[in-house]
Number of protein chains: 2
Amino acid sequence: MIYGDLEAILRAHAMRITACRIDVLDSFLGTGHALSFKDLEGKLTQYDRVTLYRTLNSFIDKGIIHKIFSDSGFISFGICYDTCSPHHHHHNHVHFKCDACGNIECLPSYHVPVPEISGYKITEANLLVNGLCSKCISN
Amino acid sequence: MIYGDLEAILRAHAMRITACRIDVLDSFLGTGHALSFKDLEGKLTQYDRVTLYRTLNSFIDKGIIHKIFSDSGFISFGICYDTCSPHHHHHNHVHFKCDACGNIECLPSYHVPVPEISGYKITEANLLVNGLCSKCISN
DNA sequence: GTATAAATGCAATAGAGTTGCAAATAGATG
DNA sequence: CATCTATTTGCAACTCTATTGCATTTATAC
Ligand SMILES: [Mn+2]
Ligand SMILES: [Mn+2]
Ligand SMILES: [Zn+2]
Ligand SMILES: [Zn+2]
């Protein structure tokens, strides 16, 4: 992605421009799927692990990325779309995990179907779907 | 729960009868919600942490309980209903987490609504719903 | 350019869970 | 009931992930 655009995103979220933040943001915007800490650690070896952790946490705080909890406790991070602001995330899209390639994707055009549960009040719902992604189906 | 019934469950799953297993099983069957490792560790202080971990893992292997991953990475365990056997779990029920009391419940009578995702093949889906449970609504 | 608050790197720490191994014990057998 | 064996347990050590404290460096406002 163009450097100026990455800078603009950080500025829009009142964050200082640093090399690590630019590189992490670029990693998220340059891939079609969610990234794990290991993905970033493996790719951006020039930064300390702690700095990467802090970068991810600050991006979450600012509403730039969100944490995705998949089965087996595996954690990854996806970019936020519209309705996220500092200290308040609101997502209603489906998460997909491919059992072949292991990639986790946000599917922003698929909203989580929320069931009615009698006697309960529902405020949020998270759906994780497993299966084969479009790439792996055609291979 | 009656001791003989607990024994019978362990025998039905080809497990030896031990005090720890009886107590853990009794804890699960005597509560209306899922239990975390911390819940069990706090309640069954007479057993070593490692023994509790191993007990939970063997119950999962045998299809007696299943792991529930909720938001913020919090892990709890719920009893399995019908379709689970050694080394193969199959659940399609909704999980509910109450934001007031923190309890996590299996809702076996609510099946996860599985969306069609064009170009993808779906094999499994997990839905976690947040809100207020029936007890907390009436308080 | 200087001042200041924020960000970074490194070391130490915290927490969750697992593994190795010797001692204890459940269940089988005679 | 006594004995044998495989399983289970408890303890210590260890692994893995993530966070915290602190001194140093750096981004930004002036
Ligand atoms: Mn997402
Ligand atoms: Mn369940
Ligand atoms: Zn795939
Ligand atoms: Zn509640």
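Just so we're on the same page: letters track the sequence lines, and every chain starts at 1. As the structure is a prediction and not an experimental result, all values here were calculated from the model.
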Geometric class of the B/His95/B/His66 ring pair [parallel <30°, tilted 30-60°, perpendicular >60°]: parallel
Parallel, tilted or perpendicular: which describes the rings of B/Tyr53 and B/Phe37, with under 30° parallel and over 60° perpendicular? parallel
Degree of bending in the helix from C/dG1-D/dC30 to C/dG30-D/dC1 once both end axes are built from five pairs, to 10°: 30°
Show every donor-acceptor pair shorter than 3.5 Å between a side-chain atom in residues 14-24 of chain B and any protein atom, with sequence neighbours excluded, or say none if there are none.
{"from": "B/Thr18", "atom 1": "OG1", "to": "B/Arg21", "atom 2": "N", "distance (Å)": "3.3"}
{"from": "B/Arg21", "atom 1": "NH1", "to": "B/Arg16", "atom 2": "O", "distance (Å)": "3.1"}
{"from": "B/Asp23", "atom 1": "OD2", "to": "B/Gln46", "atom 2": "NE2", "distance (Å)": "3.4"}
{"from": "B/Asp23", "atom 1": "OD2", "to": "B/Tyr47", "atom 2": "OH", "distance (Å)": "2.6"}

Which residue lies more 5' along DNA chain C, comparing B/Phe37 with B/Arg11 via nearest heavy atoms: B/Phe37
Kindly say whether [Y] contributes a backbone atom to a donor-acceptor pair with the side chain of [X] at under 3.5 angstrom?
X	Y	result
A/Asn92	A/His111	no
B/Thr45	B/Gly42	no
A/Ser58	A/Thr55	yes

Whole Å only: how far is the [atom1] atom of [X] from the [atom2] atom of [N]?
X	N	atom1	atom2	value
A/Ile22	D/dT26	CD1	P	17 Å
B/Ile75	C/dA16	CD1	P	10 Å
A/Phe69	D/dT17	CZ	P	16 Å

By nearest nucleotide on DNA chain D, pick out whichever of A/Ile17 and A/Asn57 is the more 5' one. A/Asn57
Under 3.5 Å, is there a donor on one side chain and an acceptor on the other for A/Asn130 and A/Asp71? yes
Examine C/dG17: is either OP1 or OP2 under 4.0 Å from a nitrogen or oxygen in the side chain of B/Tyr53? Give yes or no. yes
Sub-4.5 Å side-chain heavy-atom contact between A/Lys97 and A/Ile68: no
Contact state string [nucleotides 5-16 of chain D, B base, S sugar-phosphate only, - no protein heavy atom under 4.0 Å]: -BSSBBBB----
